[in-house]
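Worksheet: the structure to be examined is printed underneath.
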Amino acid sequence: MSEAPFGRRLLTVTGVDELGAYRVLRVADRDMPQSGWQAGDLHPGQFAMLTAVERWGGGEGERPYLPRAFSVARRTDSEAHFLLEDVGPGTQRLCELRAGDQLWVLAPLGRGFTPPSDGRRALLVGGGVGIAPLAIHQDTLVGGTGAGPQDLQAPAGRVPGVEVTVLLGFRDSSRATGAALLDRAQVATDDGSVGHHGLVTELLAAEIERDPHAIVYACGPAGMLEGVRALCERTGTSAQLALEAGMACGYGACFGCVVPKRGGGYLRVCVDGPVIDAAELEHVDAHAGGAGGTR
Amino acid sequence: MSEAPFGRRLLTVTGVDELGAYRVLRVADRDMPQSGWQAGDLHPGQFAMLTAVERWGGGEGERPYLPRAFSVARRTDSEAHFLLEDVGPGTQRLCELRAGDQLWVLAPLGRGFTPPSDGRRALLVGGGVGIAPLAIHQDTLVGGTGAGPQDLQAPAGRVPGVEVTVLLGFRDSSRATGAALLDRAQVATDDGSVGHHGLVTELLAAEIERDPHAIVYACGPAGMLEGVRALCERTGTSAQLALEAGMACGYGACFGCVVPKRGGGYLRVCVDGPVIDAAELEHVDAHAGGAGGTR
Amino acid sequence: MPMPEGRAGLDERAWPRWISVLGRSRAKGRAMSIEFCGLTLVHPIINGSGTFDAIAARRVFGDALLADFPFSAYVSKTITLEPRVGNPPPRLWETAAGLINSIGLPNKGLRGYLAEDLPQLAEIVAGAGAAAGRGPVPLITNVMGASAEELSTLVGACEERPEIAAIELNVSCPNVKTGLDIGADPVQLEQVVSTVRNRTGKPLIVKLTPNTADVAACAQAAEQGGADAVSLINTLRATALAPRRSGQRAGESDGRAGESRGLWLGGGSGGQSGPAIRAVALAQVSAVAALVGVPVIGMGGVQSAVHACDLIDVGATLVAVGTESFRDPAAGSRIALGL
Amino acid sequence: MPMPEGRAGLDERAWPRWISVLGRSRAKGRAMSIEFCGLTLVHPIINGSGTFDAIAARRVFGDALLADFPFSAYVSKTITLEPRVGNPPPRLWETAAGLINSIGLPNKGLRGYLAEDLPQLAEIVAGAGAAAGRGPVPLITNVMGASAEELSTLVGACEERPEIAAIELNVSCPNVKTGLDIGADPVQLEQVVSTVRNRTGKPLIVKLTPNTADVAACAQAAEQGGADAVSLINTLRATALAPRRSGQRAGESDGRAGESRGLWLGGGSGGQSGPAIRAVALAQVSAVAALVGVPVIGMGGVQSAVHACDLIDVGATLVAVGTESFRDPAAGSRIALGL
Ligand SMILES: Cc1cc2nc3c(=O)[nH]c(=O)nc-3n(C[C@H](O)[C@H](O)[C@H](O)COP(=O)(O)OP(=O)(O)OC[C@H]3O[C@@H](n4cnc5c(N)ncnc54)[C@H](O)[C@@H]3O)c2cc1C
Ligand SMILES: Cc1cc2nc3c(=O)[nH]c(=O)nc-3n(C[C@H](O)[C@H](O)[C@H](O)COP(=O)(O)OP(=O)(O)OC[C@H]3O[C@@H](n4cnc5c(N)ncnc54)[C@H](O)[C@@H]3O)c2cc1C
Ligand SMILES: Cc1cc2nc3c(=O)[nH]c(=O)nc-3n(C[C@H](O)[C@H](O)[C@H](O)COP(=O)(O)O)c2cc1C
Ligand SMILES: Cc1cc2nc3c(=O)[nH]c(=O)nc-3n(C[C@H](O)[C@H](O)[C@H](O)COP(=O)(O)O)c2cc1C
Ligand code: FES
Ligand code: FES
């Protein structure tokens, strides 16, 4: 896993693309490592703390004030991409950014996913903006031949012959549009407007049935993650969950981003996570939930 | 003097024009009374409390937060004009406004100038952004035939045959450009780049010498106002000074905007002023000074 | 001191009575109304003492003020026994999301207030009530004294004036040189309150100081002393230095240390108000409401109905608006309508 | 309590010694240096306890942290006798220009700290010093106890460890259920300080609580008890309610009153920090520096060199940065360079 340079870096927005209910924020960044599994690499699941240079630290209701956490959704050789959902003042401000605007970026932070060992199948399960870390995870595992843009260089991390299955759940069709961020995704929607009418965990159960040795990589709303955790506990499937928590610093300084650890005590999502082995958790509680930071 | 409607009004910016070191903020406003000397009229010297709807109440350094006070510089039948000098976060934000942006406006506020009695000459003496109230004062006295725009309707207040002499002092030539706001102004600059090299009070002394019965109307930096006050005290000339003070409310609620009264106690600039008879003051202190609010 | 759980609006039964009224009334589209110490108020929003000069506002806004009077009860600025001119300027400093004031309680003194201001205020609150087809908006007079004797004189004089519906004791103003701050010491506070309590049958509100170790203990002392209600929070003690170069912007300076600089405020230090103190106010109101039985008037940084509801949800019966009225004179009505 | 004039940096001779050094050194382009309780610091900016976990930061940033270590002395988070897991989440709430935290002082307890954390911290401060061609960055250990006995044990244990350059007593943390807050009562505070004073020859810093009626009196008590320095301000007691609808924005709600809502913070209430408390901090530091002879560490909402200079101008010798480090891990260096 790569170390972050000490201190925020001042980067420039290259563009913000609409993706259904979401936005893809593209930032010019040649210094962040490419994704992979070696020590110096950017590990899929690592995140960044973002602050807009202009109009941050005030405004109606005087928020946002602190930086906000976002998974690196994609790494091209010249850009870092972030998937945004406007759920409050910080994400709203970031969604308003335009090409040329400047951004403070502290990254890469946290512990990411670890690749599947000895050719086991990777089940990528996500929902809402939780699909962001799964996108770069897929890019990295399959060598970026997936839904990634052309200039996506084949990452160091390519795992030869690994089989990747992508299962994504969304509330409605405008959100399901986000599935385009990944390659060959099976989609479930709560309202049945796209794909399977129901929960993504139902699709997951079927896949696990078929292949109990698969490894699950999940990121999404708290409810979904808890469903995945409970299911994998029952079936004895190993799962890596990318959690969220309200964060002030993102680098272990404030002790604000904790989730309860199995057997007592707490884990700091920013340094002990965001990717945490499901076995370390008794349950995923509402505050460790997917899209929506402190929700 | 006209009463203000109770509560801020949401108005739209029609344009912001450059005027040397200053900006002229034009706001669409058909409801504010036209200028004149009757009860219901807008009196020259009255002011407004302005707040930008967007990006006010936060930002780097978390200011501006409170509304800011500005003299009505000109009243056309469709617009109110304000002269701005960028001296801090509030004026900077207002200078950034563009046509179509919205503004909260509480106006008209305070006591304005009273017209010269029995054909006495009006000596308008100003400096820096302090020239703003003098512009509408001249418009009103002479019936708006001066430097005012074409659609400037002849105000009710026209004082037949009144003689108006305008003396303006500026720091340098880029500020002296502001003199264009008034008609037939004699200009003095500290650096001698335009007009008389020296203080406007020197020009004033000469004018008073020539006509001791003239009435002085002054607005500008504290130093200039104190010079005018002291001069008029010596020569027994009656003078009306438009003061400034740091303000929170503009309508008498906070008691924050006071200046010392001759013989003890304080006057609230927003309700007892901003125009105060020089005889009511022992001196104009640094905080009651012209351009720059709380300076 | 952390808040006992089960408080802070968690418990249905803990909500002030009027909220259910409000709930029903909204359904039925009727105006809400609240009982407060025997007074009937049309909504829960009043002004913070010293933040709305109704006499000046009447001159500035004319009858329009009466037609849309923003408060369901009107609180006067603090009145002292002798006249005060207040502190020398500057009296204001804008802070991060707030304001520091060092006004110094200018007022005409008890005699001047009763002779000149009270009749005008009475006419205004009567006019405001009449404009809404009701009786006068209840008038609350806020008084401050350095001793129990002074306060007794003040309260005794108010007792005799029928125009005054209730009395608020300011035992907390941080930016005046009263030496010891009686409001900060529960023992002293209880003595003072019980002394003045005997001087009036009108509702007696004690405005607590936030600059204390245990505001809930002070509130309890006021209650034991016989207060009919408590109000909080007053401003937090704060100060500011003169900017380095005039016109220089916060954050912009290279900040050379050691330049000779004076205090900005003529009064030396002052009191912080506005959004910056909102979360502190919420904690103090919550702690007080959890401990006392008398109604609580909550205030501090309220800018919107959301903020007012937060205070109500932790147990406030009324909410006062102060600094926000400087930004918007009609803030009181805007907030009341949002409820 | 208003500030005596003639203080607050008005008086040349009142400035801390290092400022003139700084003045000279800047001219000569040399690094500044400051004496603080016998320690020599390269600049006046340190961290606030509990706001910078150097061990975690070392893991996240690697040697880059040592090369650009942002503080001239490093203060540990608060250590207690027994281990603490801290408060349940959520622990954070963003406010108007600030942050409320309800962390609950998680730490490994004295034994765990001395055995596991201290050696790592010692290595980090040594590495940071070495990277600048100097000795170790002085390490200050912050301890908290519910009683004089507990504090004595903690201080006594620190006394024996040469890695520890100085000790800071936290008598002020508002968001932990220690029952009575010793720091708020001058008499109690003096007793406690004089008791632990005998247990160590190392510089003893007392971190005062801001949640008190007269912080200057508390500072004086600490000084009389034998403190070598005082530090302030800690966070102001504050709280927050859960947002009505998730994702709902502040100010956006129509604010229906009386909806059942709980406290947001797992710990119930918490402490306000950040820009919102800056003016309160300036007033308290000013009042304390005017009264005590020992050096003062000022903190509260410092985001820039301007804010640090404000504290220095009212008499602080060192300035601590807390919440701003969350926004910018290198804030300490940025501010020190701006001086
Ligand atoms: C490791 C990690 C990775 C993430 N990756 C992504 C990503 O790729 N894409 C993405 O869109 N999001 C991501 N998030 C979530 C994102 O950080 C949050 O959505 C964002 O912080 C919300 O900020 P906001 O200001 O927009 O809304 P906020 O209002 O700050 O947050 C929304 C939620 O925060 C709570 N809240 C409301 N007010 C406050 C307050 N005053 N203080 C504290 N909490 C409050 C409420 O629960 C509300 O629903 C990630 C979070 C983490 C921790
Ligand atoms: C009746 C009246 C009429 C006016 N008419 C005009 C006009 O027509 N045109 C015009 O340009 N200006 C006018 N002014 C002045 C104008 O109101 C001020 O320039 C404006 O308020 C400055 O605000 P700012 O945020 O830009 O700068 P600020 O920084 O708020 O004000 C600049 C000055 O305020 C002081 N200051 C700095 N920081 C603070 C702080 N935190 N809190 C309080 N004071 C601080 C300093 O002295 C600084 O030099 C008028 C003022 C009054 C009272
Ligand atoms: C300019 C100003 C003047 C004040 N004067 C008084 C006063 O005379 N008496 C008093 O009890 N409180 C006074 N206060 C305190 C307010 O009533 C209120 O308690 C405080 O400002 C917090 O509310 P806010 O944040 O909504 O302003 C004053 C506050 C301000 C800002
Ligand atoms: C998240 C957080 C944790 C803190 N933990 C401690 C602590 O363990 N011990 C302590 O004495 N102060 C603690 N503090 C208080 C800070 O050291 C500092 O006094 C306060 O935050 C004010 O400074 P600031 O506004 O720069 O943050 C903490 C503050 C924050 C925000
Ligand atoms: S966000 Fe600060 S410790 Fe995790
Ligand atoms: S600005 Fe508030 S009273 Fe004048």
Side-chain angles (χ1 to χ4, degrees), chain A residues 1-8 49 51 56-67 85-92 104 106 108-110 245-261 264-266 268-272 285-289 291-295, chain D residues 47 50-70 77 83 85-99 101-106 243 246-252 264 266 274-276 303 322-323 325-331 333-334:
Chain A
M1 179 162 42
S2 94
E3 287 166 354
F6 181 58
R8 309 178 292 179
M49 296 297 283
T51 308
W56 196 280
E60 204 47 58
E62 304 90 15
R63 298 178 55 221
Y65 161 67
L66 296 160
E85 181 180 17
D86 175 357
V87 299
T91 47
Q92 179 185 33
W104 288 113
L106 183 68
L109 298 168
M247 293 186 169
C249 71
Y251 64 94
C254 74
F255 283 77
C257 61
V258 297
V259 293
K261 188 168 60 182
Y266 298 102
R268 275 176 289 181
V269 170
C270 70
V271 286
D272 303 322
D285 84 354
H287 288 295
T294 35
R295 285 176 306 180
Chain D
N47 66 299
T51 65
F52 197 90
D53 180 342
I55 295 171
R58 171 66 189 277
R59 256 190 261 112
V60 173
F61 303 115
D63 291 346
L65 173 69
L66 307 183
D68 284 318
F69 199 72
K77 75 161 97 83
V85 296
N87 292 338
R91 291 178 171 185
L92 302 172
W93 179 259
E94 191 180 57
T95 70
L99 170 69
N101 83 85
S102 179
I103 306 301
L105 304 179
S246 83
Q248 172 180 63
R249 287 169 207 159
E252 194 185 58
W264 172 259
Q303 295 185 284
T323 303
S325 293
F326 302 159
R327 287 163 43 108
D328 174 5
S333 330
R334 171 172 44 86

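Each chain gets a letter, A, B and so on, in the order its sequence line appears, and its residues count up from 1. Just so we're clear, the structure is a prediction, and the values are computed from it rather than from any experiment.
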Without swapping roles, check the side chain of D:E94 against the backbone of A:Y65 for a donor-acceptor pair under 3.5 Å. yes

Answer key: most heavy-atom pairs under 4.5 Å with chain A among D:S325, D:A54, D:A331 is D:S325

Between A:V87 and A:T91 the two heavy atoms that sit nearest each other are N-OG1, 2.8 Å

Honestly, the part of D:P88 sitting under 4.5 Å from a heavy atom of chain A is both

So does A:A253 get a backbone contact from the side chain of A:R268, meaning a donor-acceptor N/O pair under 3.5 Å? no

- prompt: Donor-acceptor pair, D:R58 side chain versus D:L65 backbone, under 3.5 Å?
  reply: no

If one checks every heavy atom of A:L66 against chain D at 4.5 Å, the contacting part turns out to be both

Whatever's closer than 4.5 Å to a heavy atom in chain D on A:V258 counts as both

Does one side chain, of D:S102 or D:N87, offer a donor that lies under 3.5 Å from an acceptor on the other? yes

Note: vs chain A, highest number of non-hydrogen pairs under 4.5 angstrom among D:P329, D:A67, D:A57 is D:P329

Counting heavy-atom pairs under 4.5 Å with chain D, the top scorer among A:C254, A:C257, A:G7 is A:C254

Honestly, the part of A:F255 sitting under 4.5 Å from a heavy atom of chain D is both

Given D:A64, D:G322, D:G50, the one with more heavy-atom pairs under 4.5 angstrom with chain A than any other is D:A64

task: Please report the C-alpha distance between A:M247 and A:V269 in whole Å, then the side-chain angles of each, then the deciding distance to 0.1 Å, and finally whether the side chain to side chain contact (heavy atoms under 4.5 Å, CB included) criterion is met.
output: CA-CA 9 Å; A:M247 293 186 169; A:V269 170; 3.7 Å; yes

